[in-house]
Asks: 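Right, I'll just put the structure down here and ask away after.
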Amino acid sequence: MLKELIIHAAAGTSAGDDQSMVLLKEKDGDRILPVLISAQAASIMLMRAHVNTIMSLPLPVSPADISVILMKKFGIKLTHVELTHLKDGVFFCRVVGQREDDVQSVDLCQAPDGLLMAVVAKCPIMIDEELLEAQYMHPTGEHSFALNINTLSRKMLEDALQYAVDTENYETASRLRDELAKRSPQTETPEE
């Protein structure tokens, strides 16, 4: 069963890092899903989400704008973007479009690109209930949340491992080391 998500907020991950996190909130619920993206993509996405509510931009400002404009010129309507899976800290999605009665999709689109297209096209962002349940941020206190280890980038894992070793938290260090071992440097896909 698919659930709809809305863009809730964005947050930087650390000083000097180009990584940001877009927080997607369940439309009719409380679960929040963190998606790592570049700081530039996050600012464009938030700007577009805000601007789309008050006016349309006169010129394309991103490749997503150009893609959506081209689709419209060819009679294709973007129906939804669906987050499909997570690999090595990177979410991937399916972009679904329709022209008359013909529905087509493109898989393996990185989430930042797909999410920006959804914002530009003003179409829903969807996720399977099981994936949302497995990856959402779990509240741990009044203003704190726990992230699933597989949603973190390699650099974030390495930093967390160093902190766990420095603070002698060996159980956490072991889990972080195991997650890093699952990922080879070649499989980590850089954010755009």
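Just so you know, these numbers use all the heavy atoms, side chains as well, and skip hydrogens, waters and symmetry mates.
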Asks: Taking side chain as C-beta onward, heavy atoms only, is D30 less than 4.5 Å from K25?
Replies: yes
Asks: Is it the case that over 12 heavy atoms from other parts of the model lie below 6.0 angstrom from the CG atom of D178?
Replies: yes
Asks: Mind checking the CG-CG spacing from L33 to L23? Nearest 0.5 Å is all I need.
Replies: 8.5 Å
Asks: Under the criterion side chain to side chain contact (heavy atoms under 4.5 Å, CB included), I'd like the reasoning laid out for I76 against Q104: C-alpha separation, chi angles, the key distance, then a yes or no.
Replies: CA-CA 10 Å; I76 301 168; Q104 295 288 326; over 6 Å; no
Asks: In a check of side-chain contact (heavy atoms from CB on, under 4.5 Å) between V120 and each of I69, V68, I66, which one passes?
Replies: V68
Asks: Can you hop from V95 to L108 via hydrophobic side chains spaced under 4.5 Å?
Replies: no
Asks: Might you work through the side chain to side chain contact (heavy atoms under 4.5 Å, CB included) test for M126 and T84, ending with a clear yes or no?
Replies: CA-CA 9 Å; M126 309 298 285; T84 57; over 6 Å; no
Asks: Does L132 offer a backbone N or O that forms a donor-acceptor pair with the side chain of E130 under 3.5 Å?
Replies: no
Asks: When rounded to the nearest 0.5 angstrom, what distance separates CG in D28 from CG in L5?
Replies: 10.5 Å
Asks: Do the side chain of R99 and the main chain of F74 share a donor and acceptor less than 3.5 angstrom apart?
Replies: yes
Asks: If you group Ile, Leu, Val, Met, Phe, Trp and Tyr by side-chain heavy-atom gaps below 4.5 Å, do L131 and I37 land in one group?
Replies: yes
Asks: If every non-hydrogen atom of R177 is compared with every non-hydrogen atom of L161, which pair is closest and at what distance?
Replies: NH1-CD1, 3.8 Å
Asks: Is the shortest heavy-atom distance from the side chain of I125 to the side chain of I127 under 4.5 Å?
Replies: no
Asks: Yes or no on salt bridge (Lys or Arg N to Asp or Glu O under 4.0 Å) for E179 and K182, after CA distance, side-chain angles and deciding distance?
Replies: CA-CA 5 Å; E179 181 65 23; K182 289 181 199 174; 3.5 Å; yes
Asks: Which heavy atom of C93 sits nearest a heavy atom of A111, and at what distance?
Replies: SG-CA, 4.1 Å
Asks: Restricting to non-hydrogen atoms, name the atom on C123 and the atom on H80 that form the minimum distance, rounded to 0.1 Å.
Replies: SG-CA, 3.8 Å
Asks: Give the cluster check for L180 versus Y163: same hydrophobic cluster or not, with ILVMFWY residues linked at side-chain heavy-atom distances below 4.5 Å.
Replies: no
Asks: For the CG atom of L83 and the CG atom of D128, what is their distance to the nearest 0.5 Å?
Replies: 10.5 Å
Asks: Nearest 0.5 angstrom please: F91 CZ to L86 CG, how far?
Replies: 4.5 Å
Asks: Is V96 reachable from L2 through a run of I, L, V, M, F, W or Y residues, each pair having side-chain heavy atoms under 4.5 Å apart?
Replies: no
Asks: Out of curiosity, L36 CG to Q110 CD, how far, rounded to the nearest 0.5 Å?
Replies: 11.5 Å
Asks: Might you work through the salt bridge (Lys or Arg N to Asp or Glu O under 4.0 Å) test for E133 and K3, ending with a clear yes or no?
Replies: CA-CA 11 Å; E133 181 62 30; K3 303 291 275 180; over 6 Å; no
Asks: How long is the span from the CD atom in E4 to the CD atom in E82, to the nearest 0.5 Å?
Replies: 12.5 Å
